[in-house]
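Each remark here refers to the structure printed beneath this line.
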Amino acid sequence: TFCSWNVKGINEPIKRGKVLAQLNRIQADIIYLQETHLKKEAQYRLTANWISRVYHSSFTHKSRGVAILIRKGIQFKHSSIIEDPEGRYIIVTGELYSKKVVLMNIYGPNFDNPLFFKKIFNTIPTVTQNNLIIGGDLNCTLDNYLDRSSIKRKVISRSSEFINSFIKSANVKDIWRNVNPNGREYSFYSPVFGTYSRIDYFLIDSKFVPFTYDSKYHNIIISDH
């Protein structure tokens with residue numbers, strides 16, 4: 001089971017304990033966290049007795065930071081790690097149950113920046129030879145009609161256009177949309193605008209689609225995602 005969650009800071013011990021307890025409760029096996037707000041020397045705080053590996057890319061203790069956690073018992077062996085010094089993405093290449101994979105966790109900018117996505121997608125090692133599992137908070141909607149609660153029409157961002165183009169060229173699927181082609185569900189609430197949107201995604205290699213039995217969003221708790 002894969003899970004992605006923008007936790008909006010887990011420096012505080014009580015909140016961190018609640019987040020890890022919830023992840024254990026839903027039996028998440030491979031976890032993508034965004035906005036950890038942890039410095040590099042503090043990434044040990046993401047460990048628990050049920051977690052075997054922590055891969056973390058940090059920025060400062062007040063912003064950004066992404067991590068990939070692996071549950072004990074999951075057969076994963078990493079071969080390379082690419083950490084973003086600005087704490088917006090981490091790429092872990094390895095073998096998951098003897099199958100080559102690229103695990104990529106993204107925390108996208110909260111403004112329209114297609115160059116950011118172009119840069120990180122160009123960083124992915126040997127796209128055609130590995131199985132991509134991209135997840136995280138992209139901070140943009142891929143379908144401005146179905147992925148937003150607002151009835152006001154909005155011009156699709158250049159970031160969204162680039163990501164949609166990448167999805168086609170890399171042969172990956174927005175797995176939730178693949179399971180729910182006309183569905184509406186949201187992962188983020190903006191109190192400023194009073195609207196909901198779906199900005200948190202898993203984009204997976206098409207070869208994994210037949211092995212996916214479900215894709216869902218949990219209730220927004222603890223954080224605002």
Side-chain angles (χ1 to χ4, degrees), residues 1-78 81-92 94 96 101-110 120 133-140 176 185-192 196-203 214-225:
T1 301
F2 281 76
C3 176
S4 177
W5 193 357
N6 182 320
V7 292
K8 206 173 182 181
I10 46 176
N11 268 301
E12 201 276 317
I14 294 177
K15 180 180 180 180
R16 185 168 63 251
K18 288 180 178 179
V19 167
L20 291 174
Q22 175 66 9
L23 290 168
N24 191 25
R25 189 176 300 116
I26 65 174
Q27 299 183 318
D29 295 319
I30 298 179
I31 300 150
Y32 292 24
L33 299 180
Q34 303 87 44
E35 284 202 87
T36 60
H37 297 185
L38 293 173
K39 291 184 177 180
K40 191 173 185 66
E41 60 268 25
Q43 71 179 39
Y44 72 90
R45 295 175 181 171
L46 294 172
T47 59
N49 60 10
W50 55 275
I51 295 172
S52 63
R53 297 179 186 85
V54 174
Y55 305 98
H56 186 254
S57 175
S58 61
F59 183 54
T60 72
H61 69 288
K62 292 183 179 180
S63 65
R64 306 182 193 172
V66 292
I68 297 177
L69 315 181
I70 310 289
R71 178 182 284 274
K72 284 183 178 178
I74 298 301
Q75 296 178 27
F76 179 75
K77 182 179 180 181
H78 80 263
I81 304 170
I82 300 174
E83 298 179 6
D84 174 31
E86 296 189 351
R88 286 206 173 273
Y89 65 87
I90 187 167
I91 304 172
V92 182
L96 180 62
V101 294
V102 174
L103 308 180
M104 185 174 194
N105 183 8
I106 302 172
Y107 172 49
N110 60 359
I120 63 172
I133 304 177
I134 301 172
D137 174 5
L138 303 186
N139 254 320
C140 63
W176 188 89
E185 201 161 348
Y186 310 111
S187 63
F188 174 71
Y189 173 71
S190 170
V192 176
Y196 290 89
S197 57
R198 190 173 75 97
I199 59 175
D200 301 85
Y201 296 87
F202 266 110
L203 310 176
D214 193 17
S215 180
K216 64 183 178 181
Y217 288 94
H218 290 268
N219 293 333
I220 298 174
I221 60 172
I222 305 175
S223 179
D224 58 359
H225 286 246

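- Side-chain contact between Asn6 and Phe188 is absent, with no heavy-atom pair separated by less than 4.5 Å.
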**Message:** Could you go through Arg71 and Asn24, starting from their C-alpha distance and side-chain angles, then the distance that decides it, and tell me whether this counts as side chain to side chain contact (heavy atoms under 4.5 Å, CB included)?
**Reply:** CA-CA 9 Å; Arg71 178 182 284 274; Asn24 191 25; 3.0 Å; yes
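- Judged as a ring pair (Phe, Tyr, Trp, His ring centres under 6.0 Å), not a single pair has a partner in residues 3-25 (not counting sequence neighbours).
- A donor-acceptor pair is defined here as one N or O able to donate and one able to accept, closer than 3.5 Å; no such pair exists between the side chain of Ser4 and the backbone of Gly135.
- Side-chain contact between Ile90 and Ile81: present, with at least one pair of heavy atoms (C-beta onward) separated by less than 4.5 Å.
- Residues Ser187 and Asp200 come closest through the heavy atom pair OG-OD1, 2.6 Å.
- Shown here is Ile14, whose CD1 atom has no more than 12 heavy atoms of other residues, nucleotides or ligands within 6.0 Å.
- Considering every non-hydrogen atom in both Tyr186 and Arg198, the closest pair reads CD2-N, 4.0 Å.
- Once rounded to the nearest 0.5 Å, the distance linking OG1 of Thr36 with NE2 of His56 reads 3.0 Å.
- How far CG of Asn105 is from CG of Leu33: 7.5 Å, rounded to the nearest 0.5 Å.
- Under a 3.5 Å cut-off, the side chain of Arg53 and the backbone N or O of Phe76 do form a donor-acceptor pair.
- Separating the CG atom in Asn11 from the CZ atom in Arg45 is a distance of 5.5 Å, to the nearest 0.5 Å.
- The side-chain heavy atoms of Ile70 and Ser52, taken from C-beta on, include a pair separated by under 4.5 Å.
- A donor-acceptor pair is defined here as one N or O able to donate and one able to accept, closer than 3.5 Å; such a pair exists between the side chain of Arg16 and the backbone of Ile10.
- Two residues are said to be in side-chain contact when any heavy atoms from C-beta on lie closer than 4.5 Å; Leu138 and Ile199 fail this criterion.
- Rounding to the nearest 0.5 Å places CD1 of Ile31 at 10.0 Å from CG of Leu46.
- Of the inter-residue distances, the one linking Phe2 atom CZ with Asp29 atom CG reads 8.5 Å to the nearest 0.5 angstrom.
- Taking NZ of Lys40 as the start and OG of Ser57 as the end, the distance is 7.5 Å to the nearest 0.5 Å.
- The two atoms that bring Arg64 and Phe59 nearest to each other are CD-CD2, 3.6 Å, heavy atoms only.
- Looking at Ile120 and Asp84, their side chains never come closer than 4.5 Å, going by heavy atoms from C-beta outward.
- Contact annotation: the side chain of Lys72 never approaches that of Trp50 to less than 4.5 Å [non-hydrogen atoms, C-beta and beyond].
- Considering every non-hydrogen atom in both Lys8 and His37, the closest pair reads C-CE1, 4.0 Å.
- The environment of Gln27 atom CD is sparse: at most 12 non-hydrogen atoms of other residues, nucleotides or ligands sit within 6.0 angstrom.
- Other residues, nucleotides and ligands place no more than 12 heavy atoms under 6.0 Å from the NZ atom of Lys18.
- Under a 3.5 Å cut-off, the side chain of Asn110 and the backbone N or O of Asn139 do not form any donor-acceptor pair.
- Residues Tyr32 and Val66 are not in side-chain contact: their nearest non-hydrogen atoms beyond the backbone lie 4.5 Å or more apart.
- The shortest side-chain heavy-atom distance between Leu20 and Ile51 falls under the 4.5 Å cut-off.
- Ring pair Tyr55/His78 is perpendicular by interplanar angle, where above 60° counts as perpendicular and below 30° as parallel.
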